[in-house]
S.K.: 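One structure, pasted below without further comment.
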Number of protein chains: 2
Amino acid sequence: MLRPDAKAAAVGNAVDQDRLWDLLMRLAEIGALENGGVNRQALTELDTEAKNFVIEWARARGFSAFQDDAANLFVRMPGAAASQDPLIVGSHLDSQPTGGKFDGAFGVLAGLEVLESIRQQGLTPERPIEVAAWTNEEASRFLPGATGSSAFAGTRELSAVLDNRTVDGARVGDELAASIAATRAELRPIHSVRPCASLEIHIEQGPILEQAGLPVGIVKGIQGVRRIQVEILGETAHAGTTPQALRKDALDGAARIMVSLRSLTKDDDDILRLTFGRIDSFPNSPGTVTDKVRLTIDLRHPDKAVMDKVEGLIREVAPAQAHPCRTEVRVLSTVDPIAFDPSIIGLLENCANMMNASGPLMLSGAGHDSLHLGRICPTGMVFVACEGGISHHEAENAKPFDLALGTRVLAAAAWTLANR
Amino acid sequence: MLRPDAKAAAVGNAVDQDRLWDLLMRLAEIGALENGGVNRQALTELDTEAKNFVIEWARARGFSAFQDDAANLFVRMPGAAASQDPLIVGSHLDSQPTGGKFDGAFGVLAGLEVLESIRQQGLTPERPIEVAAWTNEEASRFLPGATGSSAFAGTRELSAVLDNRTVDGARVGDELAASIAATRAELRPIHSVRPCASLEIHIEQGPILEQAGLPVGIVKGIQGVRRIQVEILGETAHAGTTPQALRKDALDGAARIMVSLRSLTKDDDDILRLTFGRIDSFPNSPGTVTDKVRLTIDLRHPDKAVMDKVEGLIREVAPAQAHPCRTEVRVLSTVDPIAFDPSIIGLLENCANMMNASGPLMLSGAGHDSLHLGRICPTGMVFVACEGGISHHEAENAKPFDLALGTRVLAAAAWTLANR
């Protein structure tokens, strides 16, 4: 069991709430929006400006900065044993088009605060610590999301992304090159660094911590996401002339599928997430029986076996409930869940106890860069409560105290891992 | 009880299947579409061309033609008692943008065939008979539909329509004036004629007759139509992070409302028509819990009391099923049902028997010009089977034999009413 020692406690306690908050607010000026949010989408000039802000912060403290072929940025605190694999602490700087100040940015700046705390204690970790800002986690400007962390972890080939187009029509490869050229950090090959472990801190983006009145949570894992499309194929008919018995009403079928699936997937622990987020109905005319419905189901669970089971249920329920309409079920995309390394989870629990943060174990409903890092090294995440569970929105907010408390847990854990 | 006599039988038997079919096919050339349908929307040049085709037909046989302020067209066969109120037999010449050859047009041309049959028998009816082509039944180019028949019957003021706009932006009053100027018929004031009775023949636009293997049906009445909008108001949330218990999912609510209403309104006789024709969901994004759904319900029944009861049920079920979402229910439009005059229904049954058409009693699911005529005089309708129940579509089709058989019933009834 990994336990933080007295030095880890000192590093954690050195985290400065006001300094961290100040850094967050200064970064939030880059791409600031009227209603308190930010628009700082991946590989735009504002995204590069944010990177250069981080690089200036690093240079002012004597840390080096690197970037790789995926435009990932790394601020490096050297270790006593220079050749050891580094610990990576990071998240992302890019935002949704009308995103908030904290989603992603907090994880990068908390990493910088960890370095600052160590530096102020006059300490040097055994291993190097690198604070990473991963490229395009949000996928708001181009697909796929988590471009940088997935390329770094090798879960997706960077070359497969280069010819994709941004929403404004630019080629991703060109945007990457331009961003790298404008970022004032040394270039290094993408697979030249292999982390010994990785940590990420992030606002929860959900209401669980706030509802429980707890500032900090320890993430056990990230649930998988599967998008499943159910197409219900009926027949148009005149709403006035066609008796019910002769109809093949696709919207009726869709309604029965939704109600039935909702009831069949009810779990007492409320862990399964099944969302009918999108419905497209044709011809969608008030006086016409519906011909065709496309229903997109978003399915999430931490256990892949459960996801497979629910997918099977959808394949069973759809034709049975939609009758006499036909149905077609197809998986649009799938990301398997990840369970974080038990040794990291245990360490984070110990650090939370030490820092007087009760730190309940919880799952991440949303995807994060750690989903990819977790495939190549022991990985863990810390969540901090956010107001109303709101994110991807200008109203996104979190308390300075909670952010600092989470960063203390992160700092103690980082110190421990960097000295293992 | 009105019974057709030997002359009525002679008039009915004089209906010529080939002549009627030929007339239908010639009219269908005006506005013909590639796939067999027609695009002959109200008050367009093609609509006027169709009217002038009818007027030429009339002039060639010595009949006079009139039009009124609503651009309704009337072909008049004089009666022996010239001052008597005429019998009106009619329907409409306008079509949907990709409509069929029969919807409306058949009712006008069958009226002409009735006149031709009487003329060929060398007979003169006691009362004048007028074949009417009512303006803009379809409402495909501008609202409200049944413009001509409702103005004629006084159920809607023509003046209230004049400032409406067509889909192509023209003012309805200007289009009416242009159509009247281009139509080669004498103008007469709209309320100068009061019919003693009215008849209409129309393709069924539904599958009932075809499924029963019967060519002709007698219409008991036209069901009412009420459009009711249910708005379900929930809250957006992240599909991955928000537990089911904390969601207010508007689409879930809509699905429960649909399934519940479908089950609660099941009638053994399959008379009630309840259609969820349109659903608009917001933000309609796969990864987001639905905030708001607008569901448009089309409710039809021949009994107004039943319609009121179902509306009450919707007002009850919506908030109960949508909980914890809020609901708002509003009536968008309503047209009360009409029961046709029993003496006309009895006459049409007798005529059907005489013409060896079994003529079952049935309801009209769709609205027709007779809905308005029925408010001011004894009115009845004859339905003819149509292929697959398809209408408002280029594939609309009907059998020459069935069309002629229905016209025989119409002719015998028209002769009887014009000599009452």
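The model shown is predicted, which means the values in this text are computed figures rather than measured ones. Protein chains get the first letters and strands the later ones, always in sequence-line order, with residue 1 at the start of each.
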S.K.: Sort by residue number and list every member of residues 327-340 of chain A having a non-hydrogen atom under 4.5 Å from chain B.
M.R.: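 Within residues 327-340 of chain A, no residue comes under 4.5 Å of chain B, counting heavy atoms only.
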S.K.: Heavy atoms under 4.5 Å from chain B: which residues of residues 247-255 of chain A carry them?
M.R.: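 From residues 247-255 of chain A, the residues near chain B are A/R247, A/D249, A/L251, A/D252, A/A255.
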S.K.: For chain B, which residues of residues 282-292 of chain A have at least one non-hydrogen atom nearer than 4.5 Å to it?
M.R.: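 So the qualifying residues are A/N284, A/S285, A/P286, A/G287, A/T288, A/V289, A/T290.
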S.K.: Most heavy-atom pairs under 4.5 angstrom with chain B, which of A/S391, A/S281, A/A366?
M.R.: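 Most pairs with chain B among the choices: A/A366.
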S.K.: For the atom pair CZ (B/R256) and CE (A/M258), what is the distance rounded to the nearest 0.5 Å?
M.R.: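 If we round to the nearest 0.5 Å, B/R256:CZ and A/M258:CE are 10.5 Å apart.
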S.K.: Tell me, for B/R227 versus chain A, whether the close heavy atoms (under 4.5 Å) come from the side chain, the backbone, both or neither.
M.R.: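 Only the side chain of B/R227 comes within 4.5 Å of chain A.
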S.K.: Considering only heavy atoms, which portion of B/Q223 lies under 4.5 Å from any heavy atom of chain A: side chain, backbone, both, or neither?
M.R.: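 Just its side chain gets close to chain A.
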S.K.: Given the options B/G206, B/A239, B/S364, which has more heavy-atom pairs under 4.5 Å with chain A than any of the others?
M.R.: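 Heavy-atom pairs under 4.5 Å are most numerous for B/A239.
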S.K.: So which bits of residues 208-222 of chain A come within less than 4.5 Å of chain B, counting non-hydrogen atoms only?
M.R.: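 Under the 4.5 Å heavy-atom cut-off, A/I208, A/Q211 qualify.
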S.K.: Any side-chain heavy atom of B/P207 within less than 4.5 Å of one from A/P243?
M.R.: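 They are in contact (side-chain heavy atoms under 4.5 Å apart), so the answer is yes.
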S.K.: Rounded to the nearest 0.5 Å, how far apart are OG1 of A/T242 and CD of B/Q205?
M.R.: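 So the gap between those two atoms works out to 10.0 Å.
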S.K.: Could you state the interatomic distance from NE2 (A/H238) to NE2 (B/H392), rounded to the nearest 0.5 Å?
M.R.: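 One gets 5.5 Å once the value is rounded to the nearest 0.5 Å.
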S.K.: Chain A heavy atoms under 4.5 Å from B/R300: which part of the residue, side chain, backbone, both or neither?
M.R.: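 The answer is the side chain of B/R300.
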S.K.: Give, as side chain, backbone, both or neither, the part of A/R262 having an atom under 4.5 angstrom from any heavy atom of chain B.
M.R.: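 Contact with chain B is through the side chain of A/R262 alone.
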S.K.: Would you mind telling me which of A/T296, A/I279, A/I390 has the largest number of heavy-atom pairs within less than 4.5 Å of chain B?
M.R.: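 Of A/T296, A/I279, A/I390, A/I279 has the most heavy-atom pairs under 4.5 Å with chain B.
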